[in-house]
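Indexing begins at 1, ligand by ligand and atom by atom, following the structure's order. Positions are given from 1 along the sequence. Everything numeric here is computed off the predicted structure, so don't read it as measured data. What you see below is based on every heavy atom in this structure, not just the backbone, and it leaves out hydrogens, waters and symmetry mates.
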Amino acid sequence: MRYPRIIAHRCGGALAPENTLAGLRIAARLGCRGVEFDAMLSRDGIPVLIHDERLERTTGAQGAVADSPVADLRRCDAGARHHPAFAGESLPTLAEALAVCRELGLWANVEIKPSVGRDAATGSGVALIAREFDDIVLSSFSMEALLAAAGGAGNLPRALLVESNSGDWLDKLRQVGAQALHVARHLLTAEVIRPLLDAEIPVAAYTVNRREEAERLFALGVSGVFTDRPDHWLADEM
Ligand code: G3P
Ligand code: MG
């Protein structure tokens with residue numbers, strides 16, 4: 001499984017509004033080879049790029065993503081809350097974002113982000129779009145979503161996301177048939193990573209915003225890091 005070393009978090013990290021096409025373009029201009037973004041279902045079942053279940057923080061609009069038809073979400077301004085210079089930036093669909101990744105030659109980690117109670121529908125809905133593209137890894141904190149994604153994903157690789165050390169990561173990977181683990185950076189030590197590397201499981205770490213922390217993680221054997229600050233690396237280091 002191929003991982004870029006430096007993966008821009010939520011499209012372009014802190015340099016652009018999160019989960020937007022502008023973020024993808026900035027990441028590519030910096031020389032990033034990989035990006036991560038979050039995909040959630042609209043009310044009518046279309047995967048769109050957004051992190052929160054509600055619209056307020058990133059768009060200023062009111063309401064829940066799961067209650068909003070995609071036509072309404074498309075009218076949200078996903079840029080101005082980040083900076084007025086990005087006013088009018090659209091809230092993209094997953095299909096649009098993956099088409100831009102293809103155009104820019106970007107590897108993409110699509111994080112399946114289900115609204116409460118929509119785990120399986122989000123997993124399969126995201127997989128059905130993503131299977132039309134190459135150079136993709138699907139991931140999720142939701143085991144139910146990852147299992148549902150397997151049905152629609154064809155041969156797309158899948159990664160389990162974890163934010164705590166439950167002591168049974170390898171068991172969970174086997175249960176969902178995932179090939180890689182994405183781990184909160186502070187959990188990673190030589191001791192906890194060893195069984196994963198012995199099992200040839202690629203490990204990626206989030207969210208790593210300091211070079212020294214990235215160097216610690218690469219020395220442990222991590223394949224890639226998700227960062228809000230891709231500008232801390234030069235293109236030939238990514
Ligand atoms: O996929 C890595 C990272 O994005 C997970 O956390 O909350 O930023 O989606 P979050
Ligand atoms: Mg994410």
**Asked** Looking just at side-chain N and O atoms, do Thr227 and Asn209 make a donor-acceptor pair shorter than 3.5 Å?
**Response** yes

**Asked** What protein N/O/S atoms sit under 2.8 Å from the Mg ion (ligand 2), by chain and number?
**Response** Glu36 OE2, Asp38 OD1, Glu111 OE1

**Message:** With rounding to the nearest 0.5 angstrom, report the CG to CG distance, Leu173 to Leu146.
**Reply:** 9.5 Å

**Request:** Starting at CG of Leu170, measure out to CG of Leu160 and round the result to the nearest 0.5 Å.
**Result:** 10.5 Å

**Prompt:** So which protein heavy atom does atom 4 (O) of ligand 1 come closest to, and at what separation?
**Reply:** Glu36 OE2, 2.6 Å

**Item:** Protein residue, atom and distance nearest to atom 5 (C) of ligand 1, heavy-atom basis
**Value:** Glu111 OE1, 3.4 Å

**Request:** Tell me which part of Thr207 gets within contact of ligand 1: side chain, backbone, both or neither, using heavy atoms under 4.0 Å.
**Result:** neither

**Asked** When you look for heavy atoms under 4.0 Å from ligand 1, do you find them on the side chain of Lys113, its backbone, both, or neither?
**Response** side chain

Is there any N or O on [X] that sits under 3.5 Å from an N or O of ligand 1?
X: His51; answer: yes
X: Arg10; answer: yes
X: His182; answer: no

Are [X] and [Y] connected, step by step, through hydrophobic side chains (Ile, Leu, Val, Met, Phe, Trp, Tyr) whose heavy atoms are closer than 4.5 Å?
X: Leu217; Y: Leu187; result: yes
X: Ile136; Y: Leu21; result: yes
X: Val137; Y: Leu128; result: no

**Message:** Can you name the atoms of ligand 1, numbered from 1 with element, that are less than 4.0 Å from a heavy atom of Leu161?
**Reply:** 1 (O), 2 (C)

**Request:** Anything under 30° is parallel, anything over 60° is perpendicular, the rest tilted; go ahead and classify Trp107 against Tyr3.
**Result:** tilted

**Message:** Within the supplied structure, the quantity of interest is the number of heavy atoms (other residues, nucleotides, ligands) at a distance under 6.0 Å from Glu212 CD; does it exceed 12?
**Reply:** yes

**Item:** Worked verdict on Arg25 versus Glu103 for salt bridge (Lys or Arg N to Asp or Glu O under 4.0 Å)
**Value:** CA-CA 10 Å; Arg25 295 195 187 282; Glu103 168 201 324; 3.0 Å; yes

**Prompt:** Does His9 have a heavy atom less than 4.0 Å from any atom of ligand 1?
**Reply:** yes

**Item:** Carboxylate-amine/guanidinium contact Glu132 Arg102, below 4.0 Å
**Value:** no

